**Student:** 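I am attaching a structure below and will ask some questions about it afterwards.
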Amino acid sequence: HSCAKMVRQASKLVGLLLRPGALAPVQQNAACSAIGLRFKSAMPEPVSYDHLHQKDGKVLHPDLLNESVLKTQYAVRGELYLRAEQLRKEGREIIFTNVGNPHALGAKPLTFTRQVIALCMAPFLLERPDIDKMFPKDAIARAKKVLAAFKGGLGAYTDSRGNPLVREEVAKFIEKRDGVPSNPDHIFLTDGASVAVRLCLNAMIRHENDGVLVPIPQYPLYSASIKLYGGALIPYMLNENQNWALSVDNLKKAVKEAREEGKLVRGLVFINPGNPTGQCLSTDNLKELIRFAHDERIVLMADEVYQENVYQDERPFVSAKKVMAEMGEPYKSGVELLSFHTVSKGTAGECGLRGGYVEMSNIHPGTIEEVYKCASINLSPNTVGQIALSVLVNPPKPGDESYELYMKEKATELASLRRRAHMVTDGFNSLNGVTCNFTEGAMYSFPQIKLPPKAIEVATKLGKAPDVYYCLKLLEATGISTVPGSGFGQEEGTFHLRTTILPREEVMTTFVEKFKKFHESFMKEHS
């Protein structure tokens, strides 16, 4: 009110001063100038927000980025990887066991997959009169079928969910595997399974109180993506003493604590077979998860990208969708399930081709449309990855020209992976102060390293987590690039590292020997 009164009085005074004949022109100018100065001094100075817009002459200064981006961490390509890359550029030989990248460590692509891709990428080859002498008949037939479905060839966009032919092939693969119908329109093809995971998390997370249950240890894709989208990671611990067993009691405890903190628990991630822990879930485990998700009204996120990578016979891979269907109602149609798969793992190992999918079961049709809209922003998944996925889910059949070679290549690689799983696990367990559960599946071992107090003290003085310090020393001494357990989450007071089992068998022998020599030296130095 007082401000309004002052404005009215000032306006009246200005009117009197400017009235014709009231003052001489010189006097008017002086009076107005005085009033102008008075008004200016009474008004607040304009606020400058320039310090929030640019710094050191840069708008995209690291200090001025999205806060969620700054908080996001991804250990698999973190400090250890960057140091390993630096050493590689300096001429050091590095064994990159930090990421599940089979071909980079010597795995060979499956012949039939690459033949089909080659013909689709260079369709003019199909016009050669001698093409049947260059490629097997079934590869030629498959390439022609694919090209007929991909209007405009591999250089053209497809539907944002992926090509209809490939989605139909994925649906038939799921139906054959699980004995349960699958709707191609509820399948989204993506540039690897990671994109599918992020697509779903982005739709699920609305604000900082939306939480997603994630197993600890976990694959950092989940912690990084949840942080990036502004949600809350709700950890549930796996039991290392029981071969990384999953406990529903731990899940219930995690949900109870999260809800007491005001969190809304929206999703539950499980990885089967496990990354980084390598455990395989039993049918009973899956039933417990499905009942829990139903009772608590939580969306299940089934990361099943390692379903082909199983190295024991007691617990073969079984999909969550199959178990859910076998349980009958109310679970069969009452549990919301997102299932992920990829061409990057298994015996294909085609990480660089970026092909994957998510199948949405019991998800609201309106939500599927909204996800479709978001997928459309990227226009379409890449076409080469879609063809690799087509071959993965629809491989050569008995009687086809390529069938025997295809099956032989797959069986040979799986048998070798099983041997390497034993080599790595046995190697770790032969060392003092190291324990490692057997790698039942996936591509990794996750040993616990019992670090001596002196090592922890040195690491602390250097400002490093103890397991980071150990892994850095390992890298410098041997050229072996691993990932510290702190990047995946671990029980307080324990220290781990993750390594792949992917180096070829002849290299794995060297890997085990180098690791053993380093560990013994490290423990002696810090005793």
Side-chain angles (χ1 to χ4, degrees), residues 73-101 104-106 217 220 240 275-278 420-421 423-437 439 443-490 493-527:
Q73 301 291 329
Y74 188 67
V76 174
R77 293 289 177 94
E79 178 183 3
L80 267 296
Y81 172 76
L82 296 175
R83 178 57 181 156
E85 273 294 299
Q86 183 181 352
L87 291 173
R88 183 188 64 79
K89 291 175 182 178
E90 293 172 1
R92 288 281 302 278
E93 182 180 351
I94 304 298
I95 303 176
F96 285 98
T97 68
N98 59 299
V99 63
N101 194 9
L105 291 167
E240 183 172 11
N275 175 12
T277 49
R420 282 177 269 167
M423 289 173 71
V424 175
T425 306
D426 293 346
F428 283 135
N429 285 324
S430 70
L431 302 176
N432 290 327
V434 180
T435 57
C436 185
N437 286 312
T439 301
M443 295 178 169
Y444 315 97
S445 286
F446 198 65
Q448 181 178 158
I449 316 293
K450 294 178 174 59
L451 296 176
K454 184 179 177 181
I456 297 172
E457 181 183 343
V458 172
T460 303
K461 288 180 179 177
L462 293 173
K464 304 284 186 187
D467 51 2
V468 172
Y469 172 67
Y470 182 90
C471 291
L472 280 169
K473 297 285 281 186
L474 171 68
L475 173 63
E476 299 286 350
T478 67
I480 296 173
S481 176
T482 58
V483 188
S486 51
F488 301 90
Q490 55 196 350
T494 66
F495 305 104
H496 301 75
L497 62 81
R498 189 192 78 167
T499 177
T500 70
I501 61 168
L502 295 176
R504 309 312 292 174
E505 289 182 64
E506 60 274 15
V507 178
M508 190 62 77
T509 302
T510 303
F511 170 91
V512 172
E513 290 173 353
K514 283 186 172 183
F515 199 103
K516 180 178 181 180
K517 183 178 179 181
F518 161 78
H519 180 75
E520 290 174 347
S521 173
F522 180 92
M523 298 299 277
K524 183 178 180 180
E525 178 185 347
H526 296 86
S527 61

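Atoms considered below: every heavy atom in the structure, side chains included; atoms not considered: hydrogens, waters and symmetry mates. What you are looking at is a predicted structure, and each value in this text was computed from that prediction instead of being measured.
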**Student:** For residues Gly487 and Pro220, report the shortest heavy-atom separation together with the two atoms involved.
**Tutor:** O-CG, 3.4 Å
**Student:** First locate atom CZ of Phe446, then atom OG1 of Thr277, and finally report the distance between them rounded to the nearest 0.5 Å.
**Tutor:** 8.0 Å
**Student:** Let me confirm one number: the CZ-OG1 distance from Arg420 to Thr425, rounded to the nearest 0.5 Å.
**Tutor:** 13.0 Å
**Student:** Take Arg88 and Glu85, measure what salt bridge (Lys or Arg N to Asp or Glu O under 4.0 Å) needs, and give me the verdict at the end.
**Tutor:** CA-CA 5 Å; Arg88 183 188 64 79; Glu85 273 294 299; 2.9 Å; yes
**Student:** Please round to the nearest 0.5 Å and tell me the distance separating atom CD1 of Ile94 and atom OG1 of Thr478.
**Tutor:**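 Ile94 CD1 to Thr478 OG1: 8.0 Å, rounded to 0.5 Å.
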**Student:** Please enumerate all residues that pass ring pair (Phe, Tyr, Trp, His ring centres under 6.0 Å) together with Phe428, with sequence neighbours excluded.
**Tutor:**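 With sequence neighbours excluded, Phe428 shows a ring pair (Phe, Tyr, Trp, His ring centres under 6.0 Å) to Phe515, given in chain and number order.
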**Student:** In Å, rounded to the nearest 0.5 Å, how long is the span from CG of Leu472 to NZ of Lys464?
**Tutor:** 5.5 Å
**Student:** Does Glu476 offer a backbone N or O that forms a donor-acceptor pair with the side chain of Arg92 under 3.5 Å?
**Tutor:**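 Pair found, side chain donor or acceptor close to backbone of Glu476.
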**Student:** Is the centre of the Tyr470 ring less than 6.0 Å from the centre of the His526 ring?
**Tutor:** no
**Student:** Which atom names give the shortest non-hydrogen contact between Thr439 and Ser445, and what distance separates them?
**Tutor:** OG1-OG, 2.8 Å
**Student:** Do Tyr444 and Val424 have side-chain heavy atoms sitting under 4.5 Å apart?
**Tutor:** no
**Student:** Using only atom types and a distance under 3.5 Å, with no angle test, would you say the side chain of Arg498 pairs donor to acceptor with the backbone of Asn98?
**Tutor:**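 Flag set: sc Arg498 to bb Asn98 pair under 3.5 Å.
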**Student:** Do Phe522 and Tyr469 come close enough that some side-chain heavy atom pair is under 4.5 Å?
**Tutor:**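 They are in side-chain contact.
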**Student:** Does a side-chain N-to-carboxylate-O contact under 4.0 Å join Lys517 and Glu513?
**Tutor:**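 Glu513 and Lys517: not salt-bridged.
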**Student:** Looking only at heavy atoms, what is the nearest atom pair of Val434 and Pro447, with distance?
**Tutor:**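 Heavy atoms of Val434 and Pro447 come nearest at CG1-CB, 3.9 Å.
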**Student:** Between the main-chain N or O of Val99 and the side-chain N or O of Thr500, is there a donor-acceptor pair closer than 3.5 Å?
**Tutor:** no
**Student:** Return yes if some donor-acceptor pair links the side-chain N/O of Asp467 with the main-chain N/O of Pro484 below 3.5 Å, else return no.
**Tutor:**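 Checking the backbone N and O of Pro484 against the side chain of Asp467, no donor-acceptor pair under 3.5 Å is found.
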**Student:** About how many Å separate CG of Leu474 and OG1 of Thr97, when rounded to the nearest 0.5 Å?
**Tutor:** 8.0 Å
**Student:** Check the pair Thr499 / Thr482 against side-chain hydrogen bond (donor to acceptor under 3.5 Å, both in side chains), numbers first and verdict last.
**Tutor:** CA-CA 5 Å; Thr499 177; Thr482 58; over 6 Å; no
**Student:** Taking the side chain from His519 and the backbone from Asn432, do they hold a donor-acceptor pair closer than 3.5 Å?
**Tutor:** yes
**Student:** Checking the side chain of Asn437 only, and the main-chain atoms of Glu240 only, is there a donor and an acceptor separated by less than 3.5 Å?
**Tutor:**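 Indeed, once roles are kept as given, a pair shorter than 3.5 Å links the two residues.
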**Student:** Return the set of residues passing ring pair (Phe, Tyr, Trp, His ring centres under 6.0 Å) with Phe511 (not counting sequence neighbours), or none when no residue passes.
**Tutor:** none
**Student:** What distance separates Leu431 CG from Lys450 NZ, expressed to the nearest 0.5 Å?
**Tutor:**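 Result: 11.5 Å between the selected atoms.
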